[in-house]
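Counting starts at 1 for both ligands and their atoms, in listed order. Please read these numbers as outputs of a predicted model, since none were measured by experiment.
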Amino acid sequence: MQLKEGFIVCDNQVKLRILSNLKEFKRYMFISYKELIHKFYGYVKENAIFSLVSNYGISYDLAKEYMRYAPYTENKAYNDIKLDSLYKVKSFLEKEDLIEKDPYFIYQLKQYPITFMDIKETKEFEKLTSELSKITEVILMPKETKNYQPKVSEYDTILDELYDICNQIKILHKKGIKYSNIYLMNMNSDYEFILKRLSESYNIPIAFKPNKNILHTRFVKDFLKLSMEKESFQDILKELNDSIFLKPLIQLITTYSLEDKKPIDYIDFFKKAFKSFSYEEKIYEDMVNISSSTIYEDNDYVFYLGLNQGISPKIYKDEEYLPDNLLEKLFLPTSIEKNKEERENLISLIRNTKNLYLSYAIRKQTLELFPSSIIQELGLETIKKTPLYGYSKDEDMLRLSVLLSIFDKTKEENMALDYYDLSDIPYNTFDNKFKGIDKAHMIDRYKEEGSISLSYSTMKYYFECPFHYYAEKILDLSSYEDSIATRIGTYSHAILEDSYKDDFSFLDSSLKHKEEGIKDIDIKDAKKAKFYFEQMNEVLVNLIEYNKNHEALSSLNKVECEAHISYMEGNLKFHGFIDKLLYTEINGEIYAAIMDYKTGKDFITLDNVEDGFHLQLPSYMFLLSKYEKFKDKKIHIIGIYLQKVNLIALDNSKDIKEQREKSFKLQGFTILDKSLIPLLDPSYNKSDYIQSMATIKDGSFGKYAKVMDEEEENELIQLVDVFIHRVRDGIMDASFSISPKRINNKDQSCLFCPYKDLCFKTYGDYIHLKEKKFQDKEGE
Ligand code: SF4
């Protein structure tokens with residue numbers, strides 16, 4: 001059927017195909033389905049997101065949902081809180097001139113017909129075409145109906161599937177098929193991850209989609225740092241190094257009309273945007289395409305991967321921001337309609353594509369995968385396949401090395417081991433030892449940065465394993481993201497800090513920090529976080545009351561929360577935040593107690609402190625001893641404690657208050673001097689506030705009491721002093737060996753380390769230490 005001049009609604013691939021087949025000039029105006037929807041119903045401007053976030057006090061994710069659905073609402077009573085609110089949002093956006101409409105589009109539509117290359121069987125499509133047909137001629141291009149019956153290849157693993165696909169692409173290319181006529185479909189992240197490696201070793205150019213999380217790149221870190229310091233984006237751009245991210249960043253700033261805004265106010269927005277950032281990668285003319293189109297020409301070669309149950313056709317569930325019953329009211333596709341469409345598209349692709357290679361794997365690591373039911377439904381023949389060797393030397397060697405290693409371990413034979421020459425394979429020659437870096441790099445780096453900044457936690461990495469520190473702090477590989485647990489911690493700390501302000505109101509503080517706590521996360525996680533914040537509220541209310549009662553008895557009548565103490569010496573900076581410092585000054589001397597809130601599992605110990613373990617509380621003691629505020633004053637540290645801020649399982653048959661208070665007791669080390677303890681807690685020997693401090697009949701402490709004298713405190717402070725210098729020297733010396741620790745044969749370093757896949761540590765790398773009890777240290 002001949003295409004009429006006018007609007008053509010199709011995807012980019014179909015557009016290019018139509019253009020390449022054109023033999024004469026035609027007035028075709030190509031438009032994607034999404035663009036048509038935007039032009040016809042109006043499009044919410046990108047910068048509307050900021051108005052929605054500030055006007056409704058919502059997260060960026062929720063604002064995006066509002067922007068997605070509000071334009072479809074109409075001025076009528078839906079009798080549903082979500083839809084009626086969405087209409088109010090639409091009115092707000094219209095009032096603020098944040099909905100863009102193209103006044104010429106309807107005018108143009110009246111002059112030209114509109115042709116749909118892809119017919120959708122959804123209510124949205126029905127409504128749209130019916131409204132369009134009141135304005136112009138609507139042509140629905142019938143889909144070609146052929147009846148191809150391709151075979152399906154089954155592989156043991158995704159890796160085998162990809163090996164064979166790369167082999168086949170190589171064969172096609174050798175036969176003269178251009179890479180640009182080859183398409184890969186249904187790629188998910190599992191496939192993409194492996195294929196990126198294979199595309200290099202097979203030397204196949206593939207146009208991967210440039211949508212990545214670049215949050216942890218040096219470029220983004222510099223940008224975010226400058227955003228805190230500079231007054232305008234113009235100033236930031238002047239200082240940023242050139243990078244492939246620079247142009248798309250400028251585009252992002254202009255798209256959202258941020259040119260005149262203050263960068264510091266948009267840091268959260270950019271953090272979110274950098275998590276899925278689009279930028280141009282190197283594009284060659286002849287590249288294999290990653291495609292989602294369902295229409296191909298007879299000279300195209302299409303590889304459809306992962307034809308597995310549950311993945312293909314994709315299954316949508318009724319769990320969007322708007323549920324199916326509300327989507328129906330807006331004539332938008334429901335999950336049922338989307339599932340139907342997915343299935344029909346897949347069948348149409350299979351039936352109408354001449355050169356279609358369908359494949360699936362039956363295993364993903366230890367997980368069993370199943371073939372898609374569509375194979376049986378369409379009666380497609382399945383062939384079990386194993387990839388051949390001989391198309392990529394690097395990958396062949398790798399595959400043979402794996403077979404060799406399996407043979408070494410299990411004696412399982414494989415014919416490939418007999419067929420191929422294994423002498424070139426550097427099997428068993430790998431050495432994981434860190435070969436070091438030039439010290440000059442460290443000198444240059446810290447000359448530029450001004451100082452080596454250490455905290456208790458970074459020092460912990462270094463002592464546990466210097467290579468862990470290297471990966472985390474020097475290579476900057478951390479992919480830290482706030483987990484729900486971290487958000488609960490931040491929320492609780494913030495309310496506890498607020499509780500010492502004169503105008504404290506629990507409700508206001510909770511509302512404020514709840515909003516901050518769900519910023520920047522998706523709706524599902526936000527719901528979960530809100531639930532836990534609510535649960536924590538009860539703990540926090542009780543804890544605040546418990547602490548106030550205790551502090552009313554204490555003579556340490558001054559409180560400092562989140563005290564940031566920083567110690568500088570030459571190029572060394574050691575700093576930390578003390579959650580709560582209780583103190584008083586008597587005759588020019590300071591009497592203080594240090595408290596650290598713990599929202600996770602933790603226990604107090606100073607065992608193996610001389611090996612660099614459990615340095616948190618000693619680090620706070622060191623910092624306190626260097627606190628500028630108490631300069632030249634003698635400081636008596638009455639105690640260093642953790643205070644648990646956790647949800648606990650309560651036994652309803654027992655006294656609830658008592659159970660809670662037991663969990664709030666300060667856990668840590670107290671000064672041995674009985675004349676000083678009452679300053680913190682006059683009733684200490686009843687152990688109401690400090691755990692295990694009750695005294696026995698003769699007035700001495702029980703065997704579980706953790707006490708230390710001033711000399712021991714000073715020894716710990718000096719130990720930290722020695723350690724921070726030792727770590728500083730190790731870093732400057734570029735000394736980052738892979739040397740994890742075991743104490744009494746128990747791993748202390750690697751269990752939760754995210755760099756396992758990088759260091760390939762061996763048992764021989766471990767440093768074996770004996771358990772050294774803090775209180776036994778004298779007797780050693
Ligand atoms: S896994 Fe163990 S050896 Fe490897 S970097 Fe981490 S701590 Fe070091």
(request) Give the residue and atom name of whichever protein heavy atom lies nearest to atom 4 (Fe) of ligand 1, and the separation in Å to one decimal. (result)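 Protein heavy atom at minimum distance: C759 SG, 2.3 Å.
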
(message) Which residue and atom name correspond to the protein heavy atom nearest atom 6 (Fe) of ligand 1, and how close is it?
(response) C753 SG, 2.3 Å

Can you list the ligand 1 atoms lying under 4.0 Å from a non-hydrogen atom of [X]?
X: C465; result: 3 (S), 5 (S), 7 (S), 8 (Fe)
X: I738; result: 3 (S)
X: F467; result: 5 (S)
X: K761; result: 3 (S)
X: S749; result: 7 (S)

(message) For K411, I'd like to know if atom NZ has over 12 heavy atoms of other residues, nucleotides or ligands within 6.0 Å.
(response)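 Counting other residues, nucleotides and ligands, NZ of K411 exceeds 12 neighbours.
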
Measure the acute angle between the ring planes of [X] and [Y], then classify it against the limits of 30° and 60° as parallel, tilted or perpendicular.
X: Y470; Y: F434; answer: tilted
X: H564; Y: F577; answer: parallel
X: F533; Y: Y491; answer: parallel

(message) Between C750 and atom 2 (Fe) of ligand 1, is there a contact where an N/O/S atom of the residue lies under 2.8 Å from the metal?
(response)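 A backbone or side-chain N, O or S atom of C750 is under 2.8 Å from atom 2 (Fe) of ligand 1.
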
(request) Could you tell me whether ligand 1 has any atom less than 4.0 Å away from a heavy atom of K756? (result) yes

(message) Looking at K772 and D611, is there a salt bridge between them, counting it only when a charged N and a carboxylate O are closer than 4.0 Å?
(response) yes

(message) Do the side chains of E771 and K746 get close enough for a salt bridge, i.e. N-O under 4.0 angstrom?
(response)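 Salt bridge between E771 and K746, a charged N being under 4.0 Å from a carboxylate O: no.
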
(message) Within the structure provided, determine whether Y704 and Q691 are in side-chain contact (heavy-atom separation under 4.5 Å).
(response) no

